[in-house]
Structure formats: structure tokens, C-alpha cells
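This report concerns only the one structure given below.
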Amino acid sequence: MTVRLVDSGECRTLVGYGSPGVRRALERTAAGETVTLTLAPTPGRGNTWLALDC
């Protein structure tokens with residue numbers, strides 16, 4: 001999943017989720033909807049991120 005930061009317009013690629021509940025919540029999110037996320041970089045995988053919470 002790709003997300004865009006509201007303030008900077010930067011895109012980030014999500015490659016993992018902090019829990020199955022976070023994944024389910026994001027799967028239900030419509031394109032263009034604003035959601036507050038807690039992200040963490042994925043070590044060793046370039047510019048990819050984990051969604052820890054939403």
C-alpha cells in the first residue's frame with residue numbers, strides 16, 4: 001500500500017503492519033481518505049515502512 005503524507009506530499013510504501021487489526025483498518029480505508037498513522041522505517045529494505053498503529 002502507498003500512503004501520502006499530508007504536510008509534505010511525500011509518498012511512503014507500506015510493506016508491513018503492526019497487527020492484523022491495523023491491516024484490516026487500512027484495507028477498509030477509501031482512496032483519498034485521511035487517516036492518522038504511526039509509521040516506522042523497515043530496516044534494510046530501502047524506503048519502505050511499517051504501519052504500527054492507526
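- The distance from the OG1 atom of T42 to the CZ atom of R12 is 11.0 Å, given to the nearest 0.5 Å.
- Counting only heavy atoms from C-beta outward, the side chains of N47 and T13 never approach each other to under 4.5 Å.
- Taking all atoms of both residues into account, the shortest heavy-atom contact from R4 to G9 is NH1-O, 2.9 Å.
- The two atoms that bring L52 and V22 nearest to each other are O-CG2, 3.6 Å, heavy atoms only.
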Between L37 and D53, does the side-chain contact (heavy atoms from CB on, under 4.5 Å) criterion hold? Intermediate values first, please.
CA-CA 6 Å; L37 299 174; D53 193 14; over 6 Å; no
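- Side chains of L26 and Y17 form a contact here, defined as non-hydrogen atoms less than 4.5 Å apart.
- Residue M1 holds its CE atom at 8.5 Å from CZ of R23, rounded to the nearest 0.5 Å.
- You'll find the side chain of L50 stays beyond 4.5 Å of the side chain of L39, heavy atoms only.
- The heavy-atom pair separating T2 from C11 by the smallest distance is CG2-CB, 4.0 Å.
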